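Structure record follows, encoded as structure tokens.
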Amino acid sequence: MVEKKGLKDAYALKSTKDSIDLYKVWATTYDTDFALKNSYRSPSEVTNYYCKYSNISDVPILDVGAGTGLVGECLKKKCPREIDAIDISSEMLDLARSKNVYSKLIQANLKKKLQISKSYYGAVVSAGTFTHGHIGPAVFDELLRILKPGGLFIVTIHTGVFQAQGFEKKLFDLQKFITTPIFHEVNAYGNNIDKKHANDKVIVTVFRKNLL
Ligand SMILES: C[S@@+](CC[C@H](N)C(=O)[O-])C[C@H]1O[C@@H](n2cnc3c(N)ncnc32)[C@H](O)[C@@H]1O
């Protein structure tokens, strides 16, 4: 019998290898057993805020930790734009590819320097990737490098890691390079999630890279 994967496993990840191993197994059931069943809201929240805050020059978009492509799917429905996906898991990216919403799919470790030119993207978006067991705030430096001056940055950060893993401090340290962040705290899941995670919240964090 195949063991079912879920939030408990995701929040307990300790290393990049753990992440690769988990998403390899979880990829095929992620959309149905996790996202749909729990009314996972982060991709639609990020999409709604992108549509609210963006202008026509905020393209192309990079979806960071794109996974199975839920942000790309939401965006296509709500306000279609050119969007690329980046993720370390080839199995998650295979699912994202099958949805035909991304122009390019990039398999890469976000914790390393990316093979992407500076100032290439008009926007960086991300849902569910800055959370327990996943990616910390150090990655923001590289994401800002590949973002155009004036480009839009919209990511969810789980409230449980916002201070504890240094996101708040990172945003403070970056203040010379970015506009004052706007924070929208929202529920990560709908009513069906188990009691333990019923109050999980993410902070949709919105800012722009300063013009030079
Ligand atoms: C919780 S999933 C979120 C997927 C999608 N954004 C969503 O909201 O459904 C986190 C994703 O981050 C990716 N990830 C974790 N560590 C990574 C790393 N070091 N580099 C690139 N992607 C990573 C995983 O492979 C996974 O697809």
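All figures in this text were calculated on a predicted structure; none of them were measured in a lab. Numbering of ligands and ligand atoms starts at 1, following listing order. What's counted below: heavy atoms across the whole structure, side chains too, no hydrogens, waters or symmetry copies.
Residue contacts with ligand 1 leave out V71, since none of its heavy atoms falls under 4.0 Å from the ligand. Under a 4.0 Å heavy-atom criterion, A66 is in contact with ligand 1. Residue-ligand proximity: A108 is placed with a non-hydrogen atom under 4.0 Å from ligand 1.
For atom 9 (O) of ligand 1, the nearest protein heavy atom (residue, atom name, distance) is Y30 OH, 2.7 Å. The single protein non-hydrogen atom nearest to atom 4 (C) of ligand 1 is G65 O, 3.3 Å, given as residue, atom name and distance. The nearest heavy-atom contact from the protein to atom 16 (N) of ligand 1 is S19 OG, 3.5 Å. Of the protein's non-hydrogen atoms, the one nearest atom 1 (C) of ligand 1 is Y23 OH, 3.1 Å. For atom 20 (N) of ligand 1, the closest non-hydrogen atom on the protein side is L110 N, 2.9 Å. Regarding atom 22 (N) of ligand 1, its nearest protein heavy-atom neighbour is I88 N, 3.1 Å. The protein atom (non-hydrogen) at minimum distance from atom 25 (O) of ligand 1 is D87 OD1, 2.6 Å.
Separating the CZ atom in F140 from the CZ atom in F130 is a distance of 5.0 Å, to the nearest 0.5 Å. The OH atom of Y102 lies 5.0 Å from the CD1 atom of I83; values are rounded to the nearest 0.5 Å. To the nearest 0.5 Å, atom CD1 of residue I182 and atom NZ of residue K52 are 8.0 Å apart.
Counting heavy atoms under 4.0 Å from ligand 1, residue I135 touches it through the side chain alone.
Of the options I61, V46, D63, a side chain to side chain contact (heavy atoms under 4.5 Å, CB included) to L75 is made by I61 and by none of the others. Residue D173 forms a salt bridge (charged side-chain N to carboxylate O under 4.0 Å, His left out) with just one option from K176, K170, K169, and that option is K169.
Interface atoms of ligand 1 facing P43, defined by a heavy-atom separation under 4.0 Å, are 8 (O).
With sequence neighbours excluded, no residue forms a side chain to side chain donor-acceptor pair (under 3.5 Å) with N210.
Among pairs with a residue in residues 70-83, those fulfilling salt bridge (Lys or Arg N to Asp or Glu O under 4.0 Å) read E73-K99, at least two apart in sequence or across chains.
Considering backbone and side-chain atoms together, N109 places an N or O closer than 3.5 Å to an N or O of ligand 1. Between Y40 and ligand 1, an N or O atom pair is found at a separation short of 3.5 Å.
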